[in-house]
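Ligands are counted one by one from 1 in listed order, and the atoms in each one are counted from 1 as well. In this chain, residues are counted from 1 in sequence order.
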Amino acid sequence: MTSDSESKPQTDMPSFVSTLKSCKHIIAVAGAGLSAASGIPTFRGAGGLWRKYDAITLATPQAFKENPSRVWQFYHYRREKALAAQPNPGHLALAMCSVPSIREKILPGASFTLITQNVDGLSRRALDQIAEMHPELAEEIRSPVVQDSLLEMHGRLFDVVCTSSKCGHREHNLDSPVCPALAGTENVFAQNQPEPHIDVADLPKCKKCGSLARPGVVWFGEIPWHLRDIDVEVRKADLCIVVGTSSKVYPAAGYASEVQARGGKVAVFNVDRSDGDQRADFLFLGPSESTLPKALGLQDDTE
Ligand code: OAD
Ligand code: ZN
């Protein structure tokens, strides 16, 4: 709940644009709302997954231990959704900021890091799309400078990881379905049906040692990826752009206030009100796939 008596974030784009031009170290913290326009369900927004399902039974190490069949069916559903999706103009706008030669024209002299909680791979695919549209930039986009500026802190849906601590092999796997036994089970979560039981022997296996494999995502109770790199960027940042996240899950939910505590600015882009947005310096309520390209002066390039 917010009240009118609380401090009011600015809502006009021209003020944001002039702040943007003066910033030297920009971070963006993204959540599921960034991918909503691509057809990926959010967690807590309207129609969100955690409104229908209990996260504890699907996104924890304990859940996987107790019922790997159910957890794999959930991640198979999400993999199939992500495979069928395309990056939207919000992903493309952020990807453009990640490419130094494009960024130099829109945010001259600034660094840019995208910290995403999303596991769908769409922000990396947006970089690939820009490379396809601009072959002269392909080499730059493939370079570590660009690829490592995208921090997928909750892991990657298309990584498959061995559960054996002796092995731990990780592979990037775009197979559809990820194993034959999961074929067709995506409807269980799409239509809220009881799930069939799949024997552990038929679930995805490590290609190196044959042990049961798991989705390469970060579950509740596990440590997010890239925390050291994120800490460095958050400490430097003079602007934190918060996109499409309810700001309910830490540590990501805390980055904006850390930036503000050091004197930086915060701009929130969300279709709805979200935690802490009343303390933001700028608030743009609306779908980020249209507000973000506009705010970054990229609307024409991303259409
Ligand atoms: P949430 O589902 O909690 O929040 C999504 C946010 O996106 C909500 O605030 C919506 O209002 C907003 N939204 C929806 N459509 C939008 C649009 N078109 N444009 C802009 N905003 C839009 O998702 P996250 O904040 O990403 O972690 O959730 C954080 C973490 O909790 C996830 O990474 C996941 C989840 O449980 C794990 O599974 C560990
Ligand atoms: Zn293995």
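Legend: side-chain hydrogen bond (donor to acceptor under 3.5 Å, both in side chains) pairs involving residues 205-217, not counting sequence neighbours, sorted by first then second residue: Glu171-Lys207, Arg214-Glu222.
Side chain of Ser38 to main chain of Ile40: no donor-acceptor pair is present (N/O by atom type, distance under 3.5 Å, no hydrogens or angles). Here the side chain of Gln10 pairs no donor or acceptor atom with the backbone of Leu283 at under 3.5 angstrom.
For the Zn ion (ligand 2), the tally of protein N/O/S atoms lying closer than 2.8 Å stands at 4.
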What side-chain donor-acceptor pairs closer than 3.5 Å can you find for residues 257-268, not counting sequence neighbours?
| from | atom 1 | to | atom 2 | distance (Å) |
| --- | --- | --- | --- | --- |
| Ser257 | OG | Gly254 | O | 3.2 |
| Gln260 | NE2 | Arg279 | O | 2.7 |
| Gln260 | NE2 | Asp281 | OD2 | 3.1 |

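Considering every non-hydrogen atom in both Met153 and Pro251, the closest pair reads CE-CG, 3.8 Å. For Val71 against Leu58, the heavy-atom pair with the smallest separation is CG1-O, 3.7 Å.
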Please produce the table of protein N or O atoms sitting under 3.5 Å from N or O atoms belonging to ligand 1, one pair a line, distance to 0.1 Å.
| from | atom 1 | to | atom 2 | distance (Å) |
| --- | --- | --- | --- | --- |
| ligand 1 | 2 (O) | Phe43 | N | 2.7 |
| ligand 1 | 2 (O) | Arg44 | N | 2.6 |
| ligand 1 | 3 (O) | Arg44 | NH1 | 2.7 |
| ligand 1 | 3 (O) | Ser246 | OG | 2.5 |
| ligand 1 | 4 (O) | Ser246 | N | 3.2 |
| ligand 1 | 7 (O) | Gly33 | N | 3.4 |
| ligand 1 | 7 (O) | Gly244 | O | 3.1 |
| ligand 1 | 9 (O) | Asn270 | ND2 | 2.9 |
| ligand 1 | 11 (O) | Asn270 | OD1 | 2.7 |
| ligand 1 | 18 (N) | Glu289 | OE1 | 3.1 |
| ligand 1 | 19 (N) | Ser288 | N | 2.9 |
| ligand 1 | 19 (N) | Ser288 | OG | 3.2 |
| ligand 1 | 21 (N) | Val271 | N | 3.2 |
| ligand 1 | 25 (O) | Thr245 | OG1 | 2.6 |
| ligand 1 | 25 (O) | Ser246 | N | 3.0 |
| ligand 1 | 25 (O) | Ser246 | OG | 3.4 |
| ligand 1 | 26 (O) | Ala32 | N | 2.8 |
| ligand 1 | 28 (O) | Arg44 | NH1 | 3.1 |
| ligand 1 | 31 (O) | Arg44 | NH1 | 3.0 |
| ligand 1 | 31 (O) | Arg44 | NH2 | 3.2 |
| ligand 1 | 33 (O) | Gln117 | O | 3.3 |
| ligand 1 | 33 (O) | His154 | ND1 | 2.8 |
| ligand 1 | 36 (O) | Arg44 | NH2 | 3.4 |
| ligand 1 | 36 (O) | Trp50 | NE1 | 2.7 |

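Ring geometry for Trp219 against Phe64 counts as tilted: the plane angle lies between 30° and 60°, on a 0 to 90° scale.
For the residue pair Arg124 and Gln147, a side-chain donor N or O sits within less than 3.5 Å of a side-chain acceptor on the partner.
Side-chain rings of Phe269 and Phe16 approach one another, their centers coming within less than 6.0 Å.
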